[in-house]
Amino acid sequence: MAFPPALGPNNAPAHLSRRWFLSVGCAALAALACPSPARAQLGVISPEALDAFLDIILPAHRDAPRASTMNLGAAVLMKAQDSPDTLRLLVTGVDFLDTLGPAPFARLPSTAQADVVAWMATSDPSEVPAQFYHAMRTLALQFYYADPSTLVHLPLNTTPQPKGYAPPWDIGVQTAQDQTGIVKTGPMRMGPRQ
Amino acid sequence: MSAGYDVVVIGSGAGGAAAAWALTARGARVLLLEAGPQFDPARDYPQTSPDWQARSFPAPPGSRAQIIYGDLGKLNAQDAALASYNAVTPRAPLAAMRSAKAGGYAHVLGVGGSTLHHVGEAHRLHPASFALARDFGVGHDWPLSYDDLEPFYHRIEQFIGVAGPAQTFQRPRSAPLPLPSHPLSPAAQRLVSAGPRLGLPFEENTRAALSQPYAGRPACNYCGQCTAGCPTGAKGAADVTYIGRALETGLLTLVANAPVVHISQGAGGQITAVDYVQDGALYRQETPILIVAAGAVQTPRLLLASGVANSSGQIGRNFMETLRWSSTALLNGLRGSHMGLPADAVCWAHSAPDGAVGAIGGCRYTSAVQEMGFTGPMAYAQRLIAGHGAAFHSKMQRAFGSAITVGATGAVVADARSNISLSRDQVDAHGVPLPVIASVLTDNSLKLLRHMRANCRALLAACGANPPIAEGGSWDIFQSTHVFGTARMGHDSATSVTDAWGRSHDHPNLYIADASVFPSSGGGESPTLTISALALRQAEHIA
């Protein structure tokens, strides 16, 4: 897969191997192995890179702001501390983003950022970029959909209780493939009531 | 510690709680020992938290047992079509062995047991499932019949409040259910319409969820979170039904956070006492009569660790998991599939032991979209809708509420490779060896899984759904709440653990009241109603 030309011919992820990723991540992993209060506080993580990445994943949509406005990056950083593997992946992935091109990821043109993320989404799932993409996407979504503003335009209560969903339920337009001709409006009940 | 009790019961799930209710109703003084905590629905699962989509049934300390997984079977690449996948997670290379990492034995330790997190189906076993060996040449027969159990099914349905149709396919009923069926959810309506074209008619499922106010509990408001815990009491979990009523008699003493660590026997095979731990202290309780109802993993574990009730050598053997498969697709034009009662429609057409062509045991199909968790956009984003950015948001806006799932649950026939044993080197905090689950799928199970998959897919296609985008089941992931058979009942003391009343062949005052006693697993039914019916029958035999 061709790499975004905006990042230059020497940074073609299509040619990157596990060895390259390890070379990028080794510095980060080596530092991670060293006890460091700063590292323990995630001080070496570039929050700007993570925010920019998550803004590509979850941009503003209708009433919901973009990820950085919702502070999803901070939430993801905190959650990642629950798992050493996830934390390590986060550090490595952010380092990867910031070493891709001539500028840190957050300062790249938005089109370049989008191209990078799109490439990561479909890259080799055994490699760090894809693993980082999927892990951060999963974590971010947990916090994203906990914000009521993201649910406003969906036919969904913000929480299951106390309202529940009283019938009748909207079941949509009858499609041509449904041949039974059974009336579709309102709740369907089979057989006589007892 | 003095006796003071007529009966001691271990475990407060569907069996133990029903036993406690029935015994106290007949004037017996009962001590109910529960290993796990007592849950508070308003505190523990109110279903009002903004992050509800990320929550499942809570797991406070002491509410989940430590389980070791042994041989779960090898995965053969020629069966890779049965591998679990979804539209979002990149597919991993095929593993060599089946794993419990993404599932496992889903069992709640707590007052109410696994009824706290079950979806609340209330099923009667197919009558033919009681004579699997006699009529089909495999497995083991029950020492009683459907007709023996039918009156107790009826009484349990009346007590807890089961809603459903006037008659259930191939399960004759002597009297109607106390409550009418729930209205069918949007997804279930599609299956009801499409099923007959395939010879797979769906009907309203019999559910221990109130369709009307009943016995002081409110009707269900269809929040769709049955498996995350019911905060309203509409679901007939054991804590809000049997235990609540038993406590009202003043004859029940309920002790939570009290795991039993040993059962003692004395002269003549009498069970004399149990030892249990509470707040770090060890207590001994005399047992005029002891009922063990800790489930098909913990019951054999306790009996084996205590060295009781096993002259037959059958304790821990005949372990039967539950086969499962689900296929999920998006159906254009379907909306609101997150609304309604989970598992509200069921097809029993293949639930007889010979109901599935080419495999013995039987299976059933259910409208399972909510049971699979597709009740909010997070689940869609994690399993059904890939991508990111504006395109992802657009897809979600279009697709949310259009998921439809057909779930299938099937029987397992007992096999020598599937059993519960005690770990040789790992113990819990109280020194009791941990249980080891070994469960290997047989050729019969694989045939039944393929059958289930084929029909789930056919049903989705008949509904007009797009091709499935999330599927999976038991082939590569061991995940089971319903497990059976590890202290099975039978007439012959040489080959069974209890008699037809669940009474130990070895100890006259020891009974078992959970799915350990099941000689067969049925045709995919939920066992909860059967466990409770057996417990009621047993309790009235005792008292």
Side-chain angles (χ1 to χ4, degrees), chain A residues 56-62 64 114 117-118 121 124-126 130-131 133-134 137-138 141-148 150-151 153-180 182 184 186-194, chain B residues 46-54 88-92 165-166 176-177 179-181 183-186 188-190 192-194 197 203-204 220-225 231-232 332-336 338-340 375-378 381-382 386-390 392-393 396-397 400-402 463-464:
Chain A
I56 300 294
I57 299 291
L58 293 167
H61 177 69
R62 291 197 168 190
V117 175
D124 186 338
S126 68
Q131 292 172 3
Y133 170 91
H134 287 287
R137 177 185 182 275
T138 297
L141 283 166
Q142 290 182 13
F143 297 105
Y144 180 79
Y145 284 119
D147 188 311
T150 65
L151 306 180
H153 293 284
L154 296 174
L156 184 70
N157 296 334
T158 52
T159 61
Q161 294 288 347
K163 287 174 58 178
Y165 296 99
W169 303 298
D170 177 16
I171 61 169
V173 177
Q174 182 175 355
T175 69
Q177 289 171 302
D178 193 315
Q179 302 297 314
T180 63
I182 295 176
K184 290 298 186 182
M188 175 184 290
R189 194 184 305 276
M190 303 219 8
R193 269 187 179 272
Q194 294 181 32
Chain B
Q47 309 303 345
T48 55
S49 300
D51 64 345
W52 63 271
Q53 296 178 72
V88 175
T89 307
R91 296 208 197 195
L177 288 169
L179 296 169
S181 298
L184 287 169
S185 63
Q189 293 184 40
R190 296 307 181 102
V192 165
S193 296
R197 298 198 290 274
E203 62 186 53
E204 295 117 319
C220 178
N221 67 357
Y222 306 111
C223 76
Q225 303 302 308
T232 70
N332 297 338
L334 175 63
R335 282 289 175 264
H338 55 292
M339 302 181 186
T375 56
M378 193 177 84
Q382 288 176 338
H388 57 273
F392 163 78
H393 284 312
M396 180 66 73
Q397 196 70 44
F400 180 73
S402 71
C463 287

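Sequence lines set the chain letters: A, B, ... in the order given, protein chains first and strands last, and positions in each chain run from 1. Predicted model, so just to flag it, every value in this text is computed and none were measured.
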K.L.:
With a 4.5 angstrom heavy-atom cut-off, could you sort out which part of B:Thr89 is near chain A: side chain, backbone, both or neither?
P.N.:
neither
K.L.:
Is any side-chain heavy atom of B:Phe392 less than 4.5 Å from a side-chain heavy atom of A:Leu58?
P.N.:
yes
K.L.:
Is the shortest heavy-atom distance from the side chain of B:Gln382 to the side chain of A:Thr138 under 4.5 Å?
P.N.:
yes
K.L.:
Could you tell me which portion of A:Pro59 (side chain, backbone, both or neither) has an atom closer than 4.5 angstrom to a non-hydrogen atom of chain B?
P.N.:
both
K.L.:
Is chain B contacted by the side chain of A:Tyr144, its backbone, both, or neither, given a heavy-atom distance below 4.5 Å?
P.N.:
side chain
K.L.:
With heavy-atom distances below 4.5 Å as the criterion, would you say the side chains of B:Pro377 and A:Thr150 are in contact?
P.N.:
no
K.L.:
With chain A, which of B:Gly340, B:Gly376, B:Gly401 has the greatest number of heavy-atom pairs at distances under 4.5 Å?
P.N.:
B:Gly340
K.L.:
Highest number of heavy-atom pairs under 4.5 Å with chain A: which of B:Ala188, B:Ala92, B:Pro50?
P.N.:
B:Pro50
K.L.:
Would you say that A:Ile56 contacts B:His388 through its side chain, given a criterion of any heavy-atom pair below 4.5 Å between the two side chains?
P.N.:
yes
K.L.:
For the pair B:Gln397 (side chain) and A:His153 (backbone), establish whether a donor and an acceptor sit closer than 3.5 Å, ignoring hydrogens and angles.
P.N.:
yes
K.L.:
Which heavy-atom pair separates A:Leu154 from B:Phe400 by the least distance, and what is that distance?
P.N.:
CD2-CB, 4.0 Å
K.L.:
When only pairs under 4.5 Å are counted, which of B:Cys220, B:Gly387, B:Ala54 shares the most heavy-atom pairs with chain A?
P.N.:
B:Gly387
K.L.:
With the side chain counted from C-beta on, respond yes when B:His338 and A:Tyr165 share a heavy-atom pair under 4.5 Å apart, and no when they do not.
P.N.:
yes
K.L.:
Provide the closest heavy-atom pair for A:Leu156 versus B:Thr375 in the form atom of the first, atom of the second, distance.
P.N.:
CD1-O, 3.4 Å
K.L.:
Of the non-hydrogen atoms in B:Ala381 and A:Arg137, which two are nearest, and what is the gap between them?
P.N.:
O-NH1, 2.8 Å
K.L.:
Under 4.5 Å heavy-atom distance to chain A, tell me which part of B:Ser49 shows up: side chain, backbone, both or neither.
P.N.:
backbone
K.L.:
Determine the minimum heavy-atom distance between B:Thr48 and A:Thr159, stating which atoms define it.
P.N.:
O-CG2, 3.4 Å
K.L.:
If you count heavy-atom pairs under 4.5 Å between each of A:Gly164, A:Pro160, A:Ala146 and chain B, which one has the most?
P.N.:
A:Pro160
K.L.:
Relative to the ring of B:His393, is the ring of A:His61 parallel (under 30°), tilted (30 to 60°) or perpendicular (over 60°)?
P.N.:
parallel
K.L.:
Hey, are the side chains of B:Gln53 and A:Leu141 touching, using non-hydrogen atoms and a 4.5 Å cut-off?
P.N.:
no
K.L.:
In terms of heavy-atom pairs under 4.5 Å, which option from B:Ser402, B:Ala386, B:Gly224, B:Pro46 contacts chain A the most?
P.N.:
B:Ala386
K.L.:
I'd like to know if the side chain of B:Trp52 reaches the main chain of A:Thr158, judged simply by a donor and an acceptor atom lying under 3.5 Å from each other, with no hydrogens or angles considered.
P.N.:
yes
K.L.:
For A:Gln142, does its backbone N or O pair with a side-chain atom of B:Asp51 as donor and acceptor, under 3.5 Å?
P.N.:
no
